[in-house]
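Computed from a prediction, not measured in an experiment: that's the story for all the values here. Excluded from the calculations below are hydrogen atoms, water molecules and symmetry mates; all remaining heavy atoms, backbone and side chain alike, are included.
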Amino acid sequence: MSPVVVSIILVNYNGAEVVLNCLRSLLQFLHTVPYEIIVVDNASTDSSAALIAQHFPTVKLIIQAENRGFGAGNNVGATEAKGEFLFLLNTDTLLTSDVLPPLIMLMKEYPSVGIIGTKLLNADGTFQLSVADEISIVGEYNTLKQLKQYTDPQQRDAIEQRFQHVQTVDIVIGAAFFIRRSLFETLNGFDETFFMYFEESDLCQRSRARGWQVLYTPDVAIIHLGGYSVGKVSDRMRLEYRWSQIYYYQKHRPLWEQVVLRVYLIVKFTIAALKAPSPINLKILRFILNINHAPTPSKRIHAVKKL
């Protein structure tokens with residue numbers, strides 16, 4: 001039996017409606033490169049873990065006692081991986097071709113590249129944004145501006161044209177994230193303080209800080225349905241997003257940017273709370289106003305459990 005070259009890791013949370021189709025697409029299209037599939041189930045309460053075990057006996061299934069987040073789940077999967085490369089996939093992705101040979105070829109062709117992000121497509125085959133500028137005040141403004149342009153059908157084609165060739169970028173999103181296992185281990189994997197959001201941005205940032213490049217390729221396309229699990233718990237995810245955003249700035253950005261971010265968010269959520277005094281708006285505002293707060297895993301879990 002040939003040694004494993006690529007370890008494909010999926011983190012599942014209540015994904016019964018999508019994960020089985022994802023796994024079927026992997027088995028249907030991947031035939032040329034030796035690979036393994038590792039699914040880490042983050043304490044799902046639906047039938048997804050049992051269905052995976054029943055229908056995909058060759059998949060290595062790791063069942064977690066609690067949901068510790070996307071990054072932590074991938075870290076668990078990586079400890080079991082045998083491949084030279086890790087391919088981190090969301091459970092709401094679908095392959096339509098054998099994507100591994102071109103990804104490996106790019107890694108061999110560009111030895112300074114540590115991470116590759118693929119082209120992502122919506123369910124109808126249209127272009128989906130999958131890259132972002134470095135996280136900063138200016139970077140986030142540029143990314144939001146690009147997202148606004150993307151939502152305008154008249155500008156979408158122009159944006160897609162910018163991503164018609166292989167190019168170095170600051171960040172590729174974690175839906176389809178191809179990384180050298182040696183680099184992942186050197187970086188100690190994902191920072192598990194991020195439960196969800198910004199964890200791949202942090203990994204890309206730490207990778208680039210060590211001199212590695214992040215590459216985007218349009219030559220590999222994967223369907224990404226998008227936002228499957230997040231949509232089920234939107235209030236919790238709104239809090240998670242701001243928690244991770246502030247933690248990222250504390251970790252990587254200068255003090256003046258941390259202050260600017262807090263002021264912007266205070267204004268934003270004060271207005272939101274006045275217009276709609278919902279518990280989640282008030283909770284986020286209280287969190288932002290606590291200027292002495294430094295996010296930690298235990299504090300994050302305590303705050304989220306109170307939702």
Side-chain angles (χ1 to χ4, degrees), residues 67-72 128-152 159 169-175 190-206 208-209 226-307:
N67 184 0
R68 293 169 44 230
F70 176 78
Q128 186 179 121
L129 283 173
S130 60
V131 304
D133 285 358
E134 178 183 15
I135 301 298
S136 66
I137 297 298
V138 174
E140 289 205 86
Y141 172 79
N142 290 336
T143 297
L144 287 173
K145 182 179 178 181
Q146 181 173 261
L147 181 59
K148 184 177 180 180
Q149 293 172 336
Y150 171 78
T151 57
D152 181 353
I159 292 178
V169 295
D170 293 333
I171 296 166
V172 292
I173 73 167
F190 286 107
D191 180 344
E192 296 184 10
T193 304
F194 297 101
F195 181 84
M196 183 173 286
Y197 301 115
F198 291 86
E199 63 277 277
E200 72 265 55
S201 301
D202 172 73
L203 198 66
C204 287
Q205 171 63 32
R206 290 188 285 127
R208 290 189 296 111
Y228 178 75
S229 296
V230 173
K232 296 183 176 181
V233 281
S234 58
D235 278 356
R236 173 177 174 176
M237 291 302 103
R238 288 179 64 197
L239 178 59
E240 292 289 359
Y241 184 89
R242 297 305 172 185
W243 191 287
S244 295
Q245 184 183 34
I246 289 175
Y247 174 61
Y248 185 97
Y249 273 72
Q250 290 175 339
K251 185 175 180 180
H252 294 295
R253 305 309 302 171
L255 180 60
W256 74 266
E257 287 198 25
Q258 298 176 42
V259 172
V260 169
L261 175 66
R262 292 258 188 181
V263 170
Y264 165 74
L265 293 177
I266 288 169
V267 172
K268 176 183 175 72
F269 283 96
T270 297
I271 294 172
L274 290 173
K275 288 184 176 179
S278 64
I280 186 60
N281 283 337
L282 295 173
K283 184 182 290 291
I284 293 173
L285 185 58
R286 284 197 300 269
F287 163 64
I288 297 165
L289 285 168
N290 186 356
I291 60 175
N292 294 319
H293 179 81
T296 64
S298 60
K299 289 180 180 179
R300 183 200 60 72
I301 291 170
H302 177 71
V304 171
K305 281 184 176 179
K306 291 168 66 177
L307 271 177

Below 6.0 angstrom between ring centroids: does that apply to Y197 and Y248?
-> no
Validation row, ring centre Y247 to ring centre F194 under 6.0 Å = yes
Is there side-chain contact between [X] and [Y], with at least one heavy-atom pair below 4.5 Å?
X	Y	value
S244	M196	no
I280	L239	yes
Q205	F198	no
H252	D202	yes
R262	I246	yes
Q245	L261	yes
K148	K145	no
F287	W243	yes

Full working for side-chain contact (heavy atoms from CB on, under 4.5 Å) between K251 and D191 | CA-CA 11 Å; K251 185 175 180 180; D191 180 344; 2.8 Å; yes
Go through the steps to decide whether R68 and F195 satisfy the test side-chain contact (heavy atoms from CB on, under 4.5 Å), and finish with yes or no.
-> CA-CA 7 Å; R68 293 169 44 230; F195 181 84; 5.6 Å; no
[X] side, atom [atom1]; [Y] side, atom [atom2] - distance, nearest 0.5 Å:
X	Y	atom1	atom2	answer
Q258	Q250	CD	CD	5.5 Å
E140	R253	CD	CZ	9.5 Å
D152	I159	CG	CD1	8.5 Å
S201	I171	OG	CD1	3.5 Å
T151	Q149	OG1	CD	9.0 Å
R206	F190	CZ	CZ	8.5 Å

Main-chain N/O of [Y] paired with [X] side-chain donor or acceptor, under 3.5 Å:
X	Y	result
R208	D170	yes
Y249	S136	yes
S130	I173	no
E134	G139	no

Test log, rule side-chain contact (heavy atoms from CB on, under 4.5 Å), inputs L129 and L147 = CA-CA 8 Å; L129 283 173; L147 181 59; 4.1 Å; yes
Where do Q146 and Y141 land on the side-chain hydrogen bond (donor to acceptor under 3.5 Å, both in side chains) test, with the steps shown first?
-> CA-CA 9 Å; Q146 181 173 261; Y141 172 79; over 6 Å; no
Residues I284 and R242: closest non-hydrogen pair is CG2-CG, 3.9 Å
Run the side-chain contact (heavy atoms from CB on, under 4.5 Å) check on E199 and L203 step by step: do they pass?
-> CA-CA 6 Å; E199 63 277 277; L203 198 66; over 6 Å; no
For residues 264-275, run the donor-acceptor check on the side chains, cut-off 3.5 Å, and write out each pair with its distance to 0.1 Å, sequence neighbours left out.
residue: T270; atom: OG1; partner: I266; partner atom: O; Å: 2.6

